[in-house]
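Worksheet: the structure to be examined is printed underneath.
Ligands are counted one by one from 1 in listed order, and the atoms in each one are counted from 1 as well.
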Amino acid sequence: MNAMSRVELGRLISFIERGEPLAPRQKRLIHSPTSARVIGITGPPGAGKSTLVDALIASYRRLSARVAVIAVDPTSPVTGGAVLGDRVRMGRHAVDDGVFIRSMGSRGRTDGLSPSVRDASRVLSNAGYDPIFIETVGVGQIELGVVECCDLRILVLAPLWGDYIQAVKAGVIEMIDLVVVNKADLPGAGALVHELEQALHGKRGSEVRVVMASANQGDKGAESVPPAIDSAWQILSSSGLTQRRIEATEAELVNRVQDTFANGPLRGAIRAGNAQLLAEQVTLGTISASEAATELFKVALATCTRTGNGPTVKKEP
Ligand code: GDP
């Protein structure tokens, strides 16, 4: 385990988020394999995700675990640290060195977790935090892309969110390991559980569990969740954890290559005026937009093969 203070950790994650060069000692922290449980928490806004994560922090601290939370806002490019909600939470846990809370943007990526969030969770794992919760924030729909790259995926729902039952039926549930019906104190929670169990019946085996919680009553109100996480983890460990991690890393690698290409050679070709020139030709009707896009791609690719920085892709004859 690496003895890093929370301040050092926060600074390192800022470096990662801004894509700044890392010192060799820092690089080692993103190299080693992640041993911690990385748990994604998604659900509609207002279902109680943040409240639940707060309750779970208390539960896991009781077990002496070091707990980390990364709150990901998929609409934000770079947060540069804590947003308001997290500052409130951090205030509560400020004196507790066993809790690390941090907000991060995902640069608009919803098709797979942003590389910097992946590296941040590696760093936190190497610093001894386990579990690491990746919580989606923001006002959008259920953010699946973010949790897709986590080991374990939790969907938080609450009664009076009937629309989301449709989403659940329409495939969201295929990706989820555990559903928490929060706000169990409100009418309709039992009916929601029943409806979910019906929807789950016959889908992807019977291993997806549904548990109830009243997260606003703290760890006591969410006491059903850690045991449900444990059993979901056991099922996953014995079936597909490694495969899931490989798939997530594959998606991450693709994202990294796309980012490198878009921010390097493609940006260079655009700056050099190639995109504008081609756009003029498309507007004049000389070439089609798809031909122009292929041409722009080739120009950008030629820069990387010339500089030797890019991928080794054979040039067309
Ligand atoms: P998020 O947008 O999913 O992160 O939701 P929040 O955690 O911000 O919670 C939204 C609102 O629901 C807040 O006002 C919480 O106090 C409230 N809330 C959270 N958990 C419960 C619960 O178990 N019961 C009730 N009645 N309200 C809750």
(request) Give yes or no for whether the N/O distance cutoff of 3.5 Å, strictly under, is met between A215 and ligand 1. (result) yes
(request) Run the numbers for me: atoms of ligand 1, each under 4.0 Å from some heavy atom of D185, listed by number. (result) 22 (C), 23 (O), 24 (N), 25 (C), 26 (N)
(message) For E8, is there an ion pair with R11 - N to carboxylate O distance below 4.0 angstrom?
(response) no
(message) Geometry only, no angles: is P45 polar-contacting ligand 1 at N/O separations under 3.5 Å?
(response) no
(request) Output yes when the distance from some N or O of ligand 1 to some N or O of L186 is under 3.5 Å, and no in every other case. (result) no
(message) Going by the closest heavy atom to atom 3 (O) of ligand 1, which one wins out of K49, E135, K183?
(response) K49
(message) I'd like to know if L296 and L277 are part of one continuous hydrophobic network [Ile/Leu/Val/Met/Phe/Trp/Tyr, side-chain heavy atoms within less than 4.5 Å].
(response) no
(message) What I want to find out is whether R122 reaches D119 closely enough, with some N-O distance under 4.0 Å, to be called a salt bridge.
(response) yes
(request) Any chance you could measure L236, atom CG, to Q234, atom CD, to the nearest 0.5 Å? (result) 11.0 Å
(message) Please evaluate residues E223 and S59 with respect to the criterion side chain to side chain donor-acceptor pair (under 3.5 Å), reporting the C-alpha separation (whole Å), side-chain torsions for both, the decisive distance (0.1 Å), and the verdict.
(response) CA-CA 8 Å; E223 64 188 359; S59 306; over 6 Å; no
(request) Classify the contact between P44 and ligand 1 as side chain, backbone, both or neither, using a heavy-atom distance cut-off of under 4.0 Å. (result) backbone
(request) May I ask you to list the atoms of ligand 1 that are less than 4.0 angstrom from any heavy atom of S50? (result) 4 (O), 7 (O)
(request) State the atoms of ligand 1, each with its element, that fall below the 4.0 Å cut-off from a heavy-atom position in S214. (result) 23 (O)
(request) Say whether A213, considering both its backbone and side-chain N or O atoms, lies within less than 3.5 Å of an N or O atom on ligand 1. (result) no
(request) Indicate, as side chain, backbone, both or neither, the part of V156 found under 4.0 angstrom from ligand 1 when only non-hydrogen atoms are considered. (result) neither
(request) Answer yes when D230 and R37 have at least one side-chain N-carboxylate O distance shorter than 4.0 Å, and no when they do not. (result) yes
(request) Could you check which of L157, V180, N216 puts a non-hydrogen atom nearest to atom 22 (C) of ligand 1? (result) N216
(message) Using a 4.0 Å heavy-atom cut-off, which part of N182 comes near ligand 1: side chain, backbone, both, or neither?
(response) side chain
(request) Begin with the C-alpha distance, continue with both residues' side-chain angles, and end with the deciding distance and a verdict on ring-ring contact (aromatic ring centres under 6.0 Å, His included) for Y129 and Y60. (result) CA-CA 11 Å; Y129 290 90; Y60 282 96; over 10 Å; no
(message) For the backbone of S121 and the side chain of S125, can you confirm whether one donor and one acceptor N or O come within less than 3.5 Å of each other?
(response) no
